[in-house]
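Have a look at the structure below, then the notes.
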Amino acid sequence: MSIADRVRVEDVTVLSNDWYVLKKTTFSFRRSDGSWQRQSRETYDRGNGATILLYDPDRRTVILTRQFRYPAFVNGHDDLLIEAPAGLLDDAAPEDRIRAETEEETGFRVRDVRPIFDAFMSPGSVTERLHFFVGRYEPGDRISAGGGNEIEGEDIAVLEVDIDEALAMIGSGAIRDGKTIMLLQYAALHLFPQSAQTKDAPR
């Protein structure tokens with residue numbers, strides 16, 4: 001049975017349509033016992049996005065960014081946030097968008113892009129589905145300084161980090177961004193099998 005058969009939308013109210021769209025929806029949901037329960041939820045629609053981890057298996061490095069994120073700041077993160085390159089799709093295909101976003105943010109022109117999975121990052125309130133990619137890079141692939149789009153307020157620094165150091169930064173709290181943690185854990189399992197994390201794991 002499709003989940004759509006268990007949802008009856010009764011009312012949708014747009015609460016905000018400024019930067020993105022915030023809606024309040026009242027609906028009835030058919031529970032597992034067959035009874036219908038009336039519920040109300042707010043959803044924040046910012047579109048879908050894509051993110052990528054650039055990695056160099058020979059030098060055991062990855063490319064990350066550092067930038068200011070106001071929502072993280074107001075929730076107690078008094079520092080810039082370290083992240084993998086990412087951006088909204090804006091109606092583009094995920095692979096096309098992540099290539100353009102990576103070049104804009106990091107200055108690297110990505111030669112190969114491989115999709116690995118997609119995920120809902122905050123399904124309790126945000127509709128966004130994030131497409132995850134990995135791509136190999138070499139130092140010569142960097143064609144500009146990157147830095148992001150100044151008009152959009154971006155002021156992005158580019159970091160080249162050893163994979164073991166990046167994994168250690170998760171444990172120390174230096175890396176707190178969810179998508180980046182997911183990509184680095186994927187890299188430890190599949191791209192850098194001799195990482196410190198996998199070497200120290202119990203057998």
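Quantities reported herein were computed from a predicted structural model and do not represent experimental measurements.
- Contact check for Gln37 versus Gln39: side-chain heavy atoms found under the 4.5 Å cut-off.
- Applying the salt bridge (Lys or Arg N to Asp or Glu O under 4.0 Å) criterion to Glu165, with sequence neighbours excluded, gives no partner residue.
- Counting heavy-atom neighbours within 6.0 Å of Asp112 CG, excluding the residue itself, gives a total above 12.
- Without hydrogens or angle criteria, Thr106 side chain to Glu103 main chain gives no donor-acceptor distance under 3.5 Å.
- There is no path of hydrophobic side-chain contacts, each under 4.5 Å, that joins Ile116 to Val113.
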request  = Would you please test Met169 and Ile82 for side-chain contact (heavy atoms from CB on, under 4.5 Å) and show each step?
outcome  = CA-CA 10 Å; Met169 292 167 73; Ile82 297 175; 3.4 Å; yes
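- Atom CZ of Arg30 sits about 10.0 Å away from atom OG of Ser35, to the nearest 0.5 Å.
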request  = Give the intermediate values and the outcome of salt bridge (Lys or Arg N to Asp or Glu O under 4.0 Å) for residues Arg99 and Glu95.
outcome  = CA-CA 6 Å; Arg99 286 181 182 274; Glu95 181 175 326; 3.3 Å; yes
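- Of all the heavy atoms in Lys179 and Ala86, the pair that sits closest is CE-CB, 3.4 Å.
- In this structure, CG on Leu88 lies 8.5 Å from CG on Asn48, to the nearest 0.5 angstrom.
- Counting only heavy atoms from C-beta outward, the side chains of Phe192 and Leu184 never approach each other to under 4.5 Å.
- Under a 4.5 Å side-chain heavy-atom criterion applied to ILVMFWY residues, the cluster that includes Ile156 comprises that residue alone.
- Across every non-hydrogen atom of Ala84 and Thr51, the tightest pair is CB-OG1, 3.7 Å.
- Thr180 has its side chain within reach of Leu64: a pair of non-hydrogen atoms, C-beta onward, lies under 4.5 Å apart.
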message = Could you walk me through whether His131 and Ile98 satisfy the side-chain contact (heavy atoms from CB on, under 4.5 Å) test, starting with their C-alpha distance in whole Å, then the side-chain angles of each, then the deciding distance to 0.1 Å, before giving a yes or no?
response = CA-CA 9 Å; His131 299 265; Ile98 199 57; over 6 Å; no
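- The side chain to side chain donor-acceptor pair (under 3.5 Å) search around Arg142 returns none, not counting sequence neighbours.
- With contacts defined as side-chain heavy-atom distances shorter than 4.5 Å, the pair Val134/Tyr55 qualifies.
- Taking both residues in full, the closest heavy atoms of Leu53 and Ala187 are given as CD2-CB, 3.6 Å, listed atom of the first, atom of the second, then distance.
- Counting side-chain heavy-atom gaps under 4.5 Å among Ile, Leu, Val, Met, Phe, Trp and Tyr, Trp36 is found in no cluster with other residues.
- Panel note: side chain Asp155, backbone Glu150; no donor-acceptor pair is recorded below 3.5 Å.
- Scanning all heavy atoms of the two residues, the minimum distance from Ala50 to Leu130 falls at N-CD1, 3.4 Å.
- When side chains are defined from C-beta on, Asp177 does not count as touching Met182, because their heavy atoms never get closer than 4.5 Å.
- Applying the ring-ring contact (aromatic ring centres under 6.0 Å, His included) definition to pairs two or more places apart or across chains, those involving residues 56-111 are Phe68-Phe73, Phe108-Tyr137.
- Residue pairs meeting the ring-ring contact (aromatic ring centres under 6.0 Å, His included) criterion with at least one member in residues 140-185, sequence neighbours excluded, do not occur.
- With sequence neighbours left out, Asp11 forms a side chain to side chain donor-acceptor pair (under 3.5 Å) with Thr13.
- For the salt bridge (charged side-chain N to carboxylate O under 4.0 Å, His left out) condition, the pairs that include at least one residue of residues 34-53, sequence neighbours left out, are Glu10-Arg38, Arg46-Glu128.
- In the hydrophobic clustering of this structure, Ile181 groups with Met121; members are Ile, Leu, Val, Met, Phe, Trp, Tyr whose side-chain heavy atoms approach within less than 4.5 Å, directly or through other members.
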request  = Before giving the answer on salt bridge (Lys or Arg N to Asp or Glu O under 4.0 Å), spell out for Asp141 and Arg111 the whole-Å C-alpha distance, their side-chain angles and the decisive distance to 0.1 Å.
outcome  = CA-CA 8 Å; Asp141 295 332; Arg111 291 180 290 113; 2.9 Å; yes
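- Leu15 and Val21 fall into different hydrophobic clusters, where Ile, Leu, Val, Met, Phe, Trp and Tyr residues are linked whenever their side-chain heavy atoms come under 4.5 Å apart, directly or through other members.
- Taking the six-membered ring where the residue is Trp, Phe117 and Phe132 present tilted rings, their angle falling between 30° and 60°.
- Using a 4.5 Å heavy-atom threshold, the side chains of Ile175 and Glu83 count as separate.
- Other residues, nucleotides and ligands contribute more than 12 heavy atoms inside 6.0 Å of the CG atom of Asp33.
- In this structure a side-chain-to-backbone donor-acceptor pair under 3.5 Å is missing from Arg6 to Ile3.
- By the criterion of side-chain heavy atoms lying less than 4.5 angstrom apart, applied directly or through intervening Ile, Leu, Val, Met, Phe, Trp or Tyr residues, Phe27 is not grouped with Val126; the two fall into different hydrophobic clusters.
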task = Tell me, with the steps shown, if Arg59 and Asp56 meet salt bridge (Lys or Arg N to Asp or Glu O under 4.0 Å).
result = CA-CA 6 Å; Arg59 296 186 303 130; Asp56 183 335; 2.9 Å; yes
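- Legend: residues meeting salt bridge (Lys or Arg N to Asp or Glu O under 4.0 Å) with Asp118, ordered by chain and number and at least two apart, are Arg129.
- Put simply, Phe133 and Leu89 are part of two different groups of oily side chains (I, L, V, M, F, W, Y) that touch within less than 4.5 Å, one to the next.
- From Thr43, atom OG1 reaches atom NZ of Lys23 across 6.5 Å, with rounding to the nearest 0.5 Å.
- Counting only heavy atoms from C-beta outward, the side chains of Leu80 and Gln67 never approach each other to under 4.5 Å.
- Glu154 is linked by a salt bridge (Lys or Arg N to Asp or Glu O under 4.0 Å) to nothing, counting only residues two or more places apart in sequence or in another chain.
- Under the rule for a side chain to side chain donor-acceptor pair (under 3.5 Å), Asp18 has no partner lying at least two apart in sequence or in another chain.
- Contact record, Leu183 with Ile52: CD1-C, 3.8 Å, taken as the closest heavy-atom pair.
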Verdict with reasoning, Thr61 to Ile163, per side-chain contact (heavy atoms from CB on, under 4.5 Å) = CA-CA 5 Å; Thr61 55; Ile163 181 60; over 6 Å; no
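- Listed by first then second residue, pairs satisfying ring-ring contact (aromatic ring centres under 6.0 Å, His included) with a partner in residues 157-187 read Tyr186-His190, not counting sequence neighbours.
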query = Where do Glu101 and Val110 land on the side-chain contact (heavy atoms from CB on, under 4.5 Å) test, with the steps shown first?
reply = CA-CA 10 Å; Glu101 192 71 24; Val110 187; over 6 Å; no
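- Summarising the geometry of Ile170 relative to Gln185, their closest heavy-atom pair is CD1-NE2, 4.3 Å, with the distance given to 0.1 Å.
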